[in-house]
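For reference, the structure discussed in these notes is given below.
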Amino acid sequence: MPELPEVEIVRRRLLTCLPGLVLRDVTVNDPKVSEQSEAELRLLLAGRRVAGLRRRGKYLLVDLAASEPCTTDAGGPGEPGGPAVAVIHLRMTGQLVFLPGPGERPARFIWDLEPGTRLHFQDVRRFGRLWALDPTSEEAFFTARGMGPEPFGPEFTVEYLRAELHGRRAPLKSFLLDQRRLAGVGNIYADESLFRAGLHPLRAGGSLGPREARRLHTALLETLQAGIDHEGSSIESFIDPAGQRGSFQDMLRVYQRTGRPCRVCGTAVERVVVGGRGTHYCPRCQPRRRGMAPGPPPRR
DNA sequence: AGTGGCTCCTGGCGGC
DNA sequence: TGCCGCCAGGAGCCAC
């Protein structure tokens, strides 16, 4: 699943080839990929040159410069338009791949780029989304979604983390998956960060002492950075636009290692469901001490 | 306000 | 062997 490190790798790969190309046309094969119609997406995005690529949490942002006067476009008068931002969320299985012709499965949307390239959005589980924004509405877009701070940004300090954890009864695992508290962490990096911090996933957020909060802060940054350094985790279907796989999945210490020995102490890794998400931890390295959140409800 | 549960979606896999 | 049903999970939405 693409989380912050995977989206960052996609951004860096696209940065080597996308800027400077002109987005000639947008084709939508699956209307559910966007709240906006194909016509609206085309109007807002087509005819503009890619100016840059950014990332906010797990969102990929493609900056498009104002369209240039176009006299050669026989398909229409080429609506003059201002700059735009294309926002893409890969969710579970979204992939952006360059393909000269049709892919193995129909892309949910295709960008025709000039000169002569096509960027396909492939997405087996169809959770991914595309938005076309006016740059002036970008902040409102993310404010409406309650996006928390970037882990590597200046706002995410130990003090911020402690303040956000204060008084929370929800399990740490749920806290880390809440994009309103911190942007970009998903299931893999939440489990791995908690392992690195030596904190049980069911500990209540508010039960952490100052040292534990500091450990969690450090662990989050180290784990996310390690994910980026290893070019992401290729679990499920993550490949970057060049078809490269990451290697962080080989470094995982607890995620999807249920029953296998902890790489540190040899104790069998355990799995519980927290907030409906599979959660993996080492019962010895991540002891259930004080401030435990109530466990999952008994099975019906 | 904080929290948990449900929903979307499909390939893959376990069980019979 | 074949088929049915369940599971995974990011984020939006809703209920309490």
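Chain naming here is simple, since letters A, B, ... match the order of the sequence lines and numbering starts at 1 in each.
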Enumerate all atom pairs, one protein N or O and one N or O from nucleotides 10-12 of chain B, separated by less than 3.5 Å.
{"from": "B/dT10", "atom 1": "OP1", "to": "A/R126", "atom 2": "NH1", "distance (Å)": "2.3"}

Problem set entry | Phosphate OP1/OP2 of C/dG9: any A/Y189 side-chain N/O under 4.0 Å | no
Problem set entry | Aromatic-base stack, A/F127 on C/dG10, cutoff 5.5 Å, angle under 30 | yes
Listing time: all N or O pairs from protein to nucleotides 13-15 of chain B that are below 3.5 Å?
none

So which protein nitrogen or oxygen atoms get under 3.5 Å of nucleotides 12-15 of chain C's nitrogens or oxygens?
{"from": "C/dG12", "atom 1": "OP1", "to": "A/Y59", "atom 2": "OH", "distance (Å)": "3.3"}
{"from": "C/dG12", "atom 1": "OP1", "to": "A/R145", "atom 2": "NE", "distance (Å)": "3.4"}

Seminar exercise, completed: The complete set of salt bridge (charged side-chain N to carboxylate O under 4.0 Å, His left out) pairs with one or both residues in residues 146-161 of chain A, sequence neighbours excluded, reads A/R55-A/E150
Exercise. Rounded to whole angstroms, how far apart are NZ on A/K173 and P on B/dG5?
Worked result: 14 Å
Exercise. Rounded to the nearest 0.5 Å, how far does CG of A/L161 lie from CG of A/L165?
Worked result: 4.5 Å
Problem set entry | Set of side chain to side chain donor-acceptor pair (under 3.5 Å) partners for A/N29, sequence neighbours left out | none
Problem set entry | Co-membership, hydrophobic cluster, residues A/M251 and A/V264, 4.5 Å side-chain | no
Problem set entry | Side-chain N or O of A/H89 closer than 4.0 Å to phosphate OP1/OP2 of C/dA11 | yes
Problem set entry | Check: A/R169 side chain, B/dG2 base, donor-acceptor under 3.5 Å | no
Exercise. Roughly, in whole Å, what's the span from CG in A/D123 to C1' in C/dG10?
Worked result: 12 Å
Problem set entry | Residues which pass ring-ring contact (aromatic ring centres under 6.0 Å, His included) with A/H280, listed by chain and number, not counting sequence neighbours | A/Y255
Seminar exercise, completed: In whole angstroms, the gap separating C1' of C/dG9 from CD of A/Q179 amounts to 12 Å
Problem set entry | Residues that A/F195 engages under ring-ring contact (aromatic ring centres under 6.0 Å, His included), provided they are two or more places apart | none
Exercise. Could you give the CG-to-P distance, from A/L90 to C/dG10, as a whole number of Å?
Worked result: 12 Å
Problem set entry | Distance test, side-chain N/O of A/R168 to OP1/OP2 of B/dG4, below 4.0 Å | no
Exercise. Taking only side-chain nitrogens and oxygens of A/K58, does any of them come within less than 4.0 Å of OP1 or OP2 of C/dG10?
Worked result: no
Exercise. A/H217 and A/F156: aromatic ring centres closer than 6.0 Å?
Worked result: yes
Problem set entry | Length of the CZ-P vector between A/R181 and B/dA1, whole Å | 11 Å
Problem set entry | All side chain to side chain contact (heavy atoms under 4.5 Å, CB included) counterparts of A/V26, not counting sequence neighbours | A/L23, A/V28, A/L41, A/L45, A/W111
For this session: Round to a whole Å and report the spacing from CZ of A/F175 to P of C/dG10.
Result: 17 Å
Exercise. Rounded to the nearest Å, what distance is computed from the CG atom of residue A/L202 to the C1' atom of nucleotide B/dT3?
Worked result: 15 Å
Problem set entry | Qualifying residues under ring-ring contact (aromatic ring centres under 6.0 Å, His included), relative to A/F175, sequence neighbours excluded | none
For this session: Select from A/R180 and A/R277 the residue whose nearest nucleotide in DNA chain B is closer to the 5' end of that strand.
Result: A/R180
Problem set entry | For A/M147, the rest of its hydrophobic cluster, which grows through side-chain links under 4.5 angstrom | A/Y59, A/L61, A/V85, A/V87, A/W131, A/L133, A/F141, A/F142
For this session: May I have the distance from A/L172 (atom CG) to B/dT3 (atom C1'), rounded to whole angstrom?
Result: 15 Å
Seminar exercise, completed: The side chain to side chain donor-acceptor pair (under 3.5 Å) partners of A/E164 (sequence neighbours excluded) come to A/R181
Exercise. In chain order, what residues pass the side chain to side chain contact (heavy atoms under 4.5 Å, CB included) check against A/P261, with sequence neighbours excluded?
Worked result: none
